[in-house]
J.: 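Okay, handing you the structure first.
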Protein chains: 2
Amino acid sequence: MTYKNINIGESELEIMKVLWKAGEPVNTQYISEAVEDKGWKRTTISTFLVRLVEKGALSVEKRGKLYYYSPLISQKEYRKSQTKNLIMSLYNGSIKDFAVSLFDEQTLSDNDIKELKAIFEDKEV
Amino acid sequence: MTYKNINIGESELEIMKVLWKAGEPVNTQYISEAVEDKGWKRTTISTFLVRLVEKGALSVEKRGKLYYYSPLISQKEYRKSQTKNLIMSLYNGSIKDFAVSLFDEQTLSDNDIKELKAIFEDKEV
DNA sequence: ATTTTATGACTACGGATGTAGAATATAGGT
DNA sequence: ACCTATATTCTACATCCGTAGTCATAAAAT
């Protein structure tokens, strides 16, 4: 539990996702290919990497002449902290209000609801 | 459904919360008192108000010599859009993954879970 | 050895946000 | 009519984020 509330921007997050998915240290080339669809310039990606390292979201290691990056924050941790933030800031910390709102109107499809019911009903307390 | 994805900053959100809670147009003085605990200077609050109006998050109306503000975005709408954003960006849009993660580890207390079960079990599809 | 290519470092710049000081307007009291 | 307290506008500034250009360096290709 060493997670300090690090802010990760939207674009930076895309980089994190690549790293989380990779599951092992990868180099810039790998990352560049993985985010090709974003159309970012090479230097843009570099900037994101530098900033993520500065923020403590990634670690970097030089192997030969290339840098390899790995996440210092797990996707799980990050998801959890972001979800918590949302519930705290928008629902005064009430999970219940939050769940109620999830049901509201078109937020969920019938199928979503089915799935959720299944999940919750299985849950033992 | 006129909600365009307006970005509201963290501090600005505090102002919105006051307005949502108030439920009727209120003036700057009212707002100032409501956010006293934040320790913001008067001009800071003014700036937030001006920006929120510019963004289309608030409407403003002059009554006599004072300005009265009211939200143009409902709390419900805003919550919904933010929740959706979170699920889209962190869980690839999968409500299911999201719910599963909610259960993960210490995110929920036993009581939270009880409440949620109750809510979900009541839900008809 | 010289040229091209890949990689990384440094610098920049505009917009958003948090924050507030200075200047101005306005109303109310005297 | 003048002073004072309060409200509003304008301007400013630092930080973060998205984005990228330029320069340097090193390796690979010719």
Side-chain angles (χ1 to χ4, degrees), chain A residues 4-19 25-70 73 78 81-82 85-86 89-90, chain B residues 4-19 25-70 73 78 81-82 85-86 89-90:
Chain A
K4 313 129 207 150
N5 216 61
I6 294 172
N7 261 356
I8 296 178
E10 230 175 292
S11 298
E12 290 169 351
L13 184 60
E14 296 302 318
I15 305 283
M16 292 304 287
K17 284 185 193 170
V18 171
L19 279 276
V26 295
N27 61 29
T28 310
Q29 214 211 327
Y30 178 99
I31 297 169
S32 295
E33 276 163 26
V35 297
E36 226 170 23
D37 52 314
K38 303 285 183 302
W40 293 323
K41 301 291 176 199
R42 201 179 50 81
T43 52
T44 300
I45 297 169
S46 273
T47 303
F48 293 152
L49 288 170
V50 167
R51 288 183 185 162
L52 286 167
V53 170
E54 275 167 9
K55 289 179 188 188
L58 295 182
S59 74
V60 61
E61 169 201 4
K62 197 164 197 164
R63 288 191 197 166
K65 55 165 308 197
L66 295 182
Y67 288 115
Y68 282 74
Y69 298 88
S70 6
I73 299 169
Y78 187 70
S81 89
Q82 291 306 104
N85 282 351
L86 182 101
S89 84
L90 253 54
Chain B
K4 312 129 206 149
N5 218 63
I6 293 174
N7 262 357
I8 297 177
E10 230 175 291
S11 297
E12 291 170 351
L13 184 61
E14 296 302 319
I15 305 283
M16 292 304 288
K17 284 184 192 169
V18 171
L19 279 276
V26 295
N27 62 29
T28 311
Q29 216 212 327
Y30 178 98
I31 298 170
S32 295
E33 277 164 25
V35 297
E36 225 169 24
D37 53 314
K38 305 285 184 301
W40 292 325
K41 302 289 175 201
R42 248 210 157 69
T43 51
T44 301
I45 297 170
S46 276
T47 303
F48 293 152
L49 288 170
V50 167
R51 288 184 186 162
L52 286 167
V53 170
E54 275 168 10
K55 288 178 187 188
L58 295 182
S59 74
V60 61
E61 170 201 3
K62 197 164 196 165
R63 288 192 196 164
K65 54 167 308 201
L66 295 182
Y67 286 118
Y68 282 74
Y69 298 88
S70 5
I73 300 171
Y78 187 71
S81 88
Q82 290 306 105
N85 283 352
L86 181 101
S89 82
L90 254 54

J.: For D:dT9 and B:Y67 - does any side-chain N or O of the residue sit under 4.0 Å from the phosphate oxygens OP1/OP2?
T.: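 The answer is yes; a side-chain N or O of B:Y67 sits under 4.0 Å from OP1 or OP2.
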
J.: Nearest whole Å is fine: how far is D:dA7 P from B:E33 CD?
T.: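 Value for this atom pair: 9 Å.
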
J.: Looking only at heavy atoms, what is the nearest atom pair of A:V35 and A:E14, with distance?
T.: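 Where A:V35 meets A:E14 most closely, the heavy atoms are CG1-O, 4.4 Å.
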
J.: Rounded to the nearest Å, what distance is computed from the CZ atom of residue A:R42 to the P atom of nucleotide C:dG8?
T.: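 It is 8 Å, rounded to the nearest whole Å.
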
J.: Do you know the tightest heavy-atom contact between A:I8 and A:A57?
T.: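 Where A:I8 meets A:A57 most closely, the heavy atoms are CD1-CB, 4.3 Å.
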
J.: Just wondering, more than 12 heavy atoms not from A:K38 lying within 6.0 Å of its NZ?
T.: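 Counting neighbours around NZ of A:K38, more than 12 heavy atoms of other residues, nucleotides or ligands fall under 6.0 Å, so yes.
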
J.: Hey, could you give me the CZ/OG1 distance between A:R42 and A:T44, rounded to the nearest 0.5 Å?
T.: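 So the gap between those two atoms works out to 9.5 Å.
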
J.: Could you pull out the closest heavy-atom pair between B:V18 and B:A34, with the gap in Å?
T.: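 For B:V18 versus B:A34, the nearest heavy atoms are CG1-CB, 3.6 Å.
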
J.: Whole angstroms only, please: what is the CD1-C1' distance between B:I6 and C:dG15?
T.: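 Nearest whole value for this atom pair: 17 Å.
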
J.: Find the distance A:Q29:CD to C:dT5:P and express it as a whole number of Å.
T.: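 Interatomic distance, CD of A:Q29 to P of C:dT5: 15 Å.
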
J.: Expressed as a whole number of angstroms, how long is the span from A:I31:CD1 to C:dA6:C1'?
T.: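 So the CD1-C1' distance, A:I31 to C:dA6, works out to 15 Å.
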
J.: Once you round it to whole Å, what is the distance between P of C:dG8 and CG of A:L49?
T.: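 It works out to 9 Å between those atoms.
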
J.: For C:dA6, does OP1 or OP2 lie under 4.0 Å from any side-chain N or O of A:T28?
T.: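 For C:dA6, OP1/OP2 do not have a side-chain N/O of A:T28 under 4.0 Å.
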
J.: Strictly under 4.0 angstrom, non-hydrogen atoms only: write out the protein contact profile of nucleotides 17-22 of chain C, one letter per nucleotide from the 5' end, B, S or -.
T.: BBBBBB

J.: Could you check whether atom CD of B:E61 has more than 12 heavy atoms from other residues, nucleotides or ligands sitting under 6.0 Å from it?
T.: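 For B:E61, atom CD is crowded (more than 12 foreign heavy atoms under 6.0 Å).
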
J.: Do you know which two heavy atoms are closest between A:S11 and A:F48, and how far apart they sit?
T.: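 Here A:S11 and A:F48 meet closest at CB-CZ, 3.5 Å.
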
J.: For nucleotides 24-30 of chain C, print each protein N/O atom paired with a nucleotide N/O atom at under 3.5 Å, atom names and distance only.
T.:
none

J.: Without decimals, in angstroms, what is the distance between A:K62 NZ and C:dT7 P?
T.: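 Interatomic distance, NZ of A:K62 to P of C:dT7: 13 Å.
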
J.: Could you tell me how far apart A:I45 (CD1) and D:dA20 (P) are, to the nearest whole angstrom?
T.: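 Rounding to the nearest Å, CD1 of A:I45 and P of D:dA20 are 10 Å apart.
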
J.: Measure across A:G9 and A:K55 and return the closest heavy-atom pair with its distance rounded to 0.1 Å.
T.: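 In this case the closest contact between A:G9 and A:K55 is N-NZ, 4.2 Å.
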
J.: Supply the atom-to-atom distance A:E54 CD to A:I6 CD1, rounded to the nearest 0.5 angstrom.
T.: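 Interatomic distance, A:E54 CD to A:I6 CD1, rounded to 0.5 Å: 12.0 Å.
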
